[in-house]
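As structure tokens, the structure follows; a few thoughts come after it.
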Amino acid sequence: MKKIIFRSPKEDLGFEKLKGERTLFILPSQSAINFYIRDMLGRGMDINKAEFETFDGIGRRNRAKRPDSVLKYLVLSKILKENLRDIKIFPETVDIILDFFDGLAENYLDSSDIEKIPGKIFKDLGRVFDIYRDYFAARSLDIYGRVKEDSISRTKFDTIIISGFLEFGKAEEEIIKILSGLDGKNIFIDIPFNFMESDLLDGLIKNLQGLGFKLEEREGLDYKKEIDRKKIKILSSKDNFYNLFFSNVKLLLKEEKVSDLTILSGSPSLSEKVRQREAYEGLEFNLPSKERSLLEREFVTLLDYFLDKSKENTLKRVRLSYFPLPLDVINLEASLMAYNFKNIGDIDFSRVKDLRLNEGELDDFLRGVQLLQDENILQKEDVTYYLEFFKNYLETARGKIEKSLERNPESPRRRDGRFLEELDEVLIKMEGLGDFYGSLGLDDFVLILKKYMEKIRIDEVQNLEGLEISSQASNYYRNFKNLI
């Protein structure tokens with residue numbers, strides 16, 4: 001059976017009647033999965049023989065292997081510099097073109113589609129795209145991540161429910177097409193948007209009908225009648241937005257006796273500004289956010305120092321607690337601040353005629369400068385050299401973290417330990433770059449390492465009892481009790 005269920009969001013899907021012996025539920029996001037499972041369990045539904053997944057999750061297990069984002073960036077950067085010599089290629093240039101190429105790959109387009117766009121630059125980009133695609137293909141990597149039909153066809157599920165989508169990407173369409181061609185499978189496409197007129201919806205339903213799906217259109221919903229306009233307030237940024245916003249939140253909490261309130265935001269910066277006022281307003285918020293560990297900040301400082309041993313960077317390096325120098329760093333820092341130099345390598349005591357420091361400060365200054373000047377790194381070497389060089393520094397940090405956790409397992413250094421575990425994985429992944437680079441400059445190595453480090457996410461501990469501030473993107477296809 002292949003059926004489209006076109007219903008209003010207020011009407012129940014009827015999962016109990018649709019489920020089979022083994023049911024797969026495909027939803028738009030992990031967030032939607034979490035909310036759906038919670039809702040089903042809250043209603044006492046039996047989901048023991050049901051599994052929940054996103055198309056991305058299915059794709060990861062059933063697609064041709066794709067290059068990671070950093071490797072794509074590196075390859076594209078090199079190809080652009082070699083093939084567009086009349087254009088200055090900046091890191092931002094690579095990011096923009098990579099986004100463009102990713103969009104092409106996601107929609108299964110190729111160079112012929114680029115060359116249809118007027119302008120010489122697009123002819124050149126079409127040629128670059130072919131080189132870029134072929135580079136990875138020669139290494140058994142597919143920028144398209146094409147779906148493996150034989151893998152999808154071996155699915156163990158007899159019933160598949162796909163719910164909450166307004167449209168499908170090319171890879172998602174391919175998966176649905178493969179599933180719809182299998183014998184003995186029940187496939188339901190649940191479209192809970194029967195409350196609006198939309199060319200997008202009409203096109204989606206028409207495409208699915210072309211694959212043999214039958215339309216079951218249930219009673220629609222007049223959303224205009226469902227909205228209580230008296231409870232809708234519009235706050236303008238011109239009218240002292242923050243004071244009005246917090247006043248309305250407090251009134252809502254007091255007068256409506258609301259305990260479960262979600263603030264849905266389309267602006268990360270606005271969400272952060274709201275949270276920053278929680279102490280002043282006497283409110284507590286729960287806002288998921290990434291946290292930069294102390295080790296991450298200090299390791300970036302160390303990388304920057306080896307790129308440029310300026311006075312500013314040298315002073316920052318001296319202060320690093322995870323990569324300490326074996327002397328009194330307070331004395332050394334004070335002496336370096338008082339001494340006139342541009343780069344630590346410029347200091348030459350053989351030319352100094354007069355140096356006025358206390359005896360202890362002088363010893364630390366002389367030793368410290370020598371230690372800093374001895375911290376040498378080659379400016380062009382292979383990937384293995386740089387990895388081993390910085391691993392030695394990270395071992396010092398690892399020892400400090402382990403000792404701290406032995407004394408107190410709940411130490412804040414635990415988050416530094418989590419970051420270090422993630423960084424270890426990054427360094428292992430970077431070992432494979434030896435096949436790509438014979439040798440590279442220190443600046444390129446640091447750029448690559450920072451690109452990989454940007455992918456490391458350590459979540460900040462949340463106050464789960466606070467008022468929830470959540471992004472629109474992560475809450476698609478979710479029900480709310482009370483929403484701002």
Side-chain angles (χ1 to χ4, degrees), residues 29-31 33-34 53-54 56-57 59-61 65-74 141 268 286-307 316-317 319-325 375 377 381-437 440 442-464 471 474:
S29 67
Q30 186 59 49
S31 177
I33 289 173
N34 295 340
E53 189 55 277
T54 62
D56 285 342
R60 277 193 295 272
R61 294 191 300 274
K65 187 176 181 182
R66 293 187 289 185
D68 69 52
S69 59
V70 177
L71 185 56
K72 288 191 292 186
Y73 176 93
L74 299 175
L141 295 171
N286 168 14
L287 173 63
S289 59
K290 178 182 176 180
E291 183 175 51
R292 288 191 75 195
S293 72
L294 174 62
L295 177 56
E296 179 183 1
R297 297 195 298 271
E298 290 205 353
F299 188 55
V300 169
T301 297
L302 186 71
L303 294 172
D304 291 339
Y305 162 73
F306 279 108
L307 282 176
K316 289 179 180 178
R317 188 269 170 271
R319 300 182 189 119
L320 299 180
S321 61
Y322 271 120
F323 312 105
L325 296 168
E375 283 188 316
I377 186 170
E381 253 297 345
D382 60 32
V383 173
T384 301
Y385 167 83
Y386 290 125
L387 289 173
E388 292 303 318
F389 183 91
F390 288 111
K391 280 180 183 178
N392 288 333
Y393 279 89
L394 290 170
E395 284 307 306
T396 301
R398 192 186 312 278
K400 285 182 168 291
I401 293 169
E402 289 173 352
K403 287 180 181 178
S404 177
L405 293 178
E406 284 176 7
R407 292 192 300 269
N408 177 15
E410 301 304 319
S411 166
R413 289 192 188 241
R414 179 174 290 280
R415 75 171 65 94
D416 294 322
R418 293 201 305 271
F419 170 76
L420 187 54
E421 289 173 2
E422 296 286 342
L423 185 56
D424 286 339
E425 294 297 319
V426 164
L427 298 179
I428 291 171
K429 184 177 290 188
M430 288 184 68
E431 290 173 2
L433 295 177
D435 297 332
F436 181 67
Y437 289 103
L440 74 166
L442 174 63
D443 54 345
D444 285 330
F445 177 84
V446 170
L447 173 64
I448 295 167
L449 180 52
K450 284 184 177 180
K451 282 279 183 184
Y452 274 111
M453 286 170 59
E454 287 172 5
K455 307 296 179 184
I456 297 175
R457 181 181 179 91
I458 304 297
D459 290 330
E460 194 174 54
V461 176
Q462 301 303 309
N463 171 18
L464 299 179
S471 71
S474 65

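Once rounded to the nearest 0.5 Å, the distance linking CG of D444 with CG of L74 reads 8.5 Å. Once rounded to the nearest 0.5 Å, the distance linking CG of L449 with CG of L423 reads 6.5 Å. In this structure, the separation between CG on D443 and CG on L303 is 12.5 Å, given to the nearest 0.5 Å. Between the CZ atom of F419 and the CE atom of M453 there is a distance of 4.0 Å, given to the nearest 0.5 Å. Atom CZ of R297 is separated from atom NZ of K316 by 13.0 Å, given to the nearest 0.5 angstrom. With values rounded to the nearest 0.5 angstrom, L442 atom CG is found 11.0 Å from L447 atom CG.
Salt bridge annotation for K403-E406: absent, with no cationic side-chain nitrogen under 4.0 angstrom from a carboxylate oxygen.
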* To do: Evaluate the side chain to side chain contact (heavy atoms under 4.5 Å, CB included) criterion for residues L295 and F323: first the C-alpha distance (whole Å), next the side-chain angles of each, then the deciding distance (0.1 Å), finally the verdict.
  => CA-CA 10 Å; L295 177 56; F323 312 105; 3.9 Å; yes
* Verify side chain to side chain donor-acceptor pair (under 3.5 Å) between N392 and E388, making sure each step is shown before the conclusion. => CA-CA 6 Å; N392 288 333; E388 292 303 318; 5.9 Å; no
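When the salt bridge (charged side-chain N to carboxylate O under 4.0 Å, His left out) test is applied to E421, no partner is found at least two apart in sequence or on another chain. For the side-chain hydrogen bond (donor to acceptor under 3.5 Å, both in side chains) test, residues two or more places apart in sequence or in another chain that qualify with S321 are E298.
With contacts defined as side-chain heavy-atom distances shorter than 4.5 Å, the pair S69/K451 does not qualify. In this structure the side chain of Y305 reaches within 4.5 angstrom of the side chain of E375, judged on heavy atoms. Side-chain atoms of R413 and L420, non-hydrogen and from C-beta on, never get closer than 4.5 Å to each other. K72 has its side chain out of reach of R66: every pair of non-hydrogen atoms, C-beta onward, lies at least 4.5 Å apart. Looking at heavy atoms from C-beta onward, S411 lies out of side-chain contact with I401 at the 4.5 angstrom threshold. Inter-residue side-chain proximity for V383 and I448 is flagged as unmet; no heavy-atom pair is nearer than 4.5 Å. The side-chain heavy atoms of M430 and Y386, taken from C-beta on, include no pair separated by under 4.5 Å. Looking at L427 and F390, their side chains never come closer than 4.5 Å, going by heavy atoms from C-beta outward.
For the pair K429 and Y452, the cation-pi criterion (under 6.0 Å, within 45° of the ring axis) is not fulfilled.
For an aromatic pair to be called close, the ring centres must be under 6.0 Å apart, and Y393 with F306 satisfies this.
Without hydrogens or angle criteria, R317 side chain to D304 main chain gives no donor-acceptor distance under 3.5 Å. Formation of a donor-acceptor pair under 3.5 Å by the N408 side chain with backbone atoms of S404 is not found in this model. Between the side chain of R414 and the backbone N or O of L405 there is no donor-acceptor pair closer than 3.5 Å.
Counting heavy atoms of neighbouring residues, nucleotides and ligands inside a 6.0 Å radius, atom NZ of K391 exceeds 12 of them.
The nearest pair of heavy atoms linking T54 to Q30 is CG2-N, 3.8 Å. Considering all non-hydrogen atoms of both residues, T396 and Y322 come closest at CG2-O, 3.7 Å.
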